[in-house]
Amino acid sequence: MLNKLTGRKKMSSPEAAEELQHEKIPSHIAIIMDGNGRWAKQRGLPRIAGHREGMNVIRNIVKACNNIGVDTLTLYAFSTENWKRPKQEVDFLMRLPERFLSVELPKLIEENVRVRITGELEKLPDYTKKAVNKAVDSTKHNSGLILNFALNYGSRSELMDAFKDIYEDVDKGLIKKEDITETTVTDYLMTSGLKEPDLLIRTSGEMRLSNFMLWQLAYAEFWFTDVLWPDFTQDNFHEAVKAYQKRQRRYGGV
Ligand code: FPP
């Protein structure tokens with residue numbers, strides 16, 4: 001069955017979603033999925049149990065995005081700073097894409113979702129690369145929701161690389177210094193081709209960006225919740241979108 005508002009295949013129809021204004025759906029939503037460790041600690045479980053539970057939430061949020069007609073969902077799954085965590089935790093996090101995609105990839109293909117990765121893939125273990133490359137490749141012709149995993153991503157290093165690449169291209173005569181615009185910088189980032197996020201959600205009560213999409217979030221609306229990521233529901237998601245719809249976006253104007 002098709003969703004009458006989005007024309008996309010209908011995944012679920014929670015009442016809260018029906019209350020949203022369908023002409024004001026954020027096109028790109030980015031989420032900092034925080035609080036997995038605390039969720040586990042509260043239950044006397046190892047931190048990795050929180051990450052496992054957090055992985056399961058992704059499924060519901062993808063469905064919710066599809067249902068209301070979001071174009072792109074970016075999930076901050078692993079930052080360039082997360083390597084500082086204990087080896088056992090890093091190893092577990094590196095296995096998550098494989099675990100997630102072994103179950104979810106057929107469903108993502110069926111739901112016309114296109115998987116994309118933003119981050120330094122080369123530095124990931126082979127099994128992680130293999131899993132994500134397979135997902136990217138087998139969904140590359142899909143035209144529905146873009147599910148963009150920020151994996152081994154850090155915004156400052158992304159910006160530095162962009163500046164170096166621009167410098168090199170100026171040096172080679174491919175572009176002129178005076179022709180560099182904001183669009184040029186945007187095009188040299190790892191997120192090139194994606195719209196910039198309209199809404200940033202961060203769970204677990206923390207209110208910071210943690211080196212996430214510093215350039216791309218310049219005009220995004222921020223929404224924070226105390227809910228820990230493993231407890232984050234479709235209702236919480238709809239609450240965030242509802243809050244977004246009440247905001248007045250002025251982009252520096254009046
Ligand atoms: C932050 O919580 C969470 C992460 C660093 C990892 C997030 C990853 C997932 C939810 C799963 C990713 C799944 C795939 C398929 C890539 P935290 O551990 O910092 O929580 P804390 O602040 O309570 O310690």
Side-chain angles (χ1 to χ4, degrees), residues 29-65 72-109 111 113-121 123-136 138-139 145-155 190 200-213 224-234 236-237:
I29 301 182
I31 308 185
I32 303 180
M33 310 179 286
D34 199 6
N36 295 347
R38 275 162 286 167
W39 182 93
K41 195 171 172 208
Q42 283 171 4
R43 287 160 180 77
L45 297 169
R47 293 178 54 82
I48 57 170
H51 295 314
R52 189 185 306 117
E53 203 60 27
M55 178 185 80
N56 294 331
V57 172
I58 294 176
R59 175 84 205 121
N60 290 337
I61 302 309
V62 167
K63 274 194 207 166
C65 284
T72 306
L73 171 66
T74 293
L75 299 173
Y76 202 9
F78 192 88
S79 77
T80 43
E81 288 72 37
N82 286 152
W83 296 107
K84 293 180 204 153
R85 295 185 176 213
K87 185 177 181 310
Q88 187 220 17
E89 183 172 343
V90 170
D91 288 349
F92 187 85
L93 285 168
M94 285 298 136
R95 286 280 176 194
L96 282 185
E98 196 184 30
R99 281 173 92 134
F100 175 80
L101 292 163
S102 68
V103 179
E104 299 298 335
L105 185 56
K107 297 182 212 164
L108 296 173
I109 293 171
E111 289 162 10
V113 172
R114 179 168 183 180
V115 177
R116 177 168 169 158
I117 305 294
T118 296
E120 293 178 46
L121 261 191
K123 294 183 186 151
L124 299 175
D126 284 344
Y127 51 82
T128 316
K129 274 191 276 200
K130 197 170 156 208
V132 297
N133 283 333
K134 181 179 165 200
V136 170
S138 50
T139 61
L145 175 75
I146 298 172
L147 174 57
N148 179 35
F149 287 104
L151 205 53
N152 197 22
Y153 173 80
S155 188
M190 289 171 176
L200 170 80
I201 297 173
R202 182 167 189 155
T203 57
S204 90
E206 306 295 350
M207 297 187 193
R208 52 178 175 263
L209 281 182
S210 303
N211 201 15
F212 184 54
M213 293 196 162
F224 299 103
T225 174
D226 286 338
V227 175
L228 304 176
W229 177 253
D231 290 328
F232 193 75
T233 61
Q234 290 191 347
N236 297 136
F237 174 80

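Everything quoted here is computed from the prediction, not taken from an experiment. In what follows, every heavy atom counts, from backbone to side chain, and hydrogens, waters and symmetry copies are set aside. Order of listing sets the numbers, starting from 1, for every ligand and every atom in it.
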Under 4.0 Å between heavy atoms, the region of W39 that gets near ligand 1 turns out to be neither
Keeping N152 on the side-chain end and E120 on the backbone end, is there a donor-acceptor pair under 3.5 Å? yes
Short version for R47: what comes under 4.0 Å of ligand 1, heavy atoms counted, is side chain
Is there a side-chain contact (heavy atoms from CB on, under 4.5 Å) between F92 and R52? Walk through the geometry before answering. CA-CA 9 Å; F92 187 85; R52 189 185 306 117; 4.1 Å; yes
Please say whether N36 places an N or O atom under 3.5 Å from an N or O atom belonging to ligand 1. yes
Derivation and outcome, side-chain contact (heavy atoms from CB on, under 4.5 Å), residues F78 and L96: CA-CA 10 Å; F78 192 88; L96 282 185; over 6 Å; no
All N/O donor-acceptor pairs, side-chain side in residues 128-135, below 3.5 Å, sequence neighbours left out:
| residue | atom | partner | partner atom | Å |
| --- | --- | --- | --- | --- |
| T128 | OG1 | M94 | O | 2.9 |
| K129 | NZ | E122 | O | 3.2 |
| N133 | ND2 | K129 | O | 3.2 |

Carefully, step by step, assess I61 and I31 under the rule side-chain contact (heavy atoms from CB on, under 4.5 Å). CA-CA 10 Å; I61 302 309; I31 308 185; 3.9 Å; yes
For atom 3 (C) of ligand 1, find the nearest protein heavy atom and state the residue, atom name and distance (0.1 Å precision). M33 O, 3.1 Å
Taking it one step at a time, do L108 and V62 satisfy side-chain contact (heavy atoms from CB on, under 4.5 Å)? CA-CA 9 Å; L108 296 173; V62 167; 4.2 Å; yes
Would R43 and E53 satisfy salt bridge (charged side-chain N to carboxylate O under 4.0 Å, His left out), going step by step from the backbone distance to the final call? CA-CA 12 Å; R43 287 160 180 77; E53 203 60 27; over 6 Å; no
How far is atom 4 (C) of ligand 1 from its nearest protein heavy atom, and which residue and atom name does that atom have? H51 CE1, 3.9 Å
So if I count the atoms of ligand 1 from 1 in the order they appear, which ones are less than 4.0 Å from some heavy atom of F100? 15 (C)
Is S204 near ligand 1, meaning one of its heavy atoms is under 4.0 Å from it? no
Looking only at distances, please establish whether an N/O atom of ligand 1 is found under 3.5 Å from an N/O atom of D34. yes
Within-shell test, E206 vs ligand 1, heavy atom, strictly < 4.0 Å: no
When distances are taken from atom 11 (C) of ligand 1, the protein heavy atom at minimum range is L96 CD1, 3.7 Å
Can you list everything that forms a side-chain contact (heavy atoms from CB on, under 4.5 Å) with F224? Sequence neighbours excluded, please. R202, M207, F222
How far is atom 5 (C) of ligand 1 from the closest protein heavy atom, and which atom is that? N82 OD1, 3.6 Å
The atoms of ligand 1 lying under 4.0 Å from a heavy atom of W229, numbered in the order shown, are 10 (C)
Compute the minimum heavy-atom distance from R85 to ligand 1 and say whether it is under 4.0 Å. yes
Counting non-hydrogen protein atoms only, what is the nearest one to atom 8 (C) of ligand 1? Give residue, atom name and distance. A77 O, 3.7 Å
With heavy atoms only and a cut-off of under 4.0 Å, state how I58 meets ligand 1: side chain, backbone, both or neither. side chain
Report, in ascending order of atom number, the atoms of ligand 1 lying under 4.0 Å from any heavy atom of G37. 17 (P), 18 (O), 20 (O), 21 (P), 23 (O), 24 (O)
CG of L93 to CZ of R99: how many Å apart, nearest 0.5 Å? 11.0 Å
With rounding to the nearest 0.5 angstrom, report the CG to OG1 distance, D34 to T225. 11.5 Å
About how many Å separate CG of L145 and OG1 of T72, when rounded to the nearest 0.5 Å? 7.0 Å
Note the single closest protein heavy atom to atom 22 (O) of ligand 1, along with its residue, its atom name and the distance in Å. R38 NH2, 3.0 Å
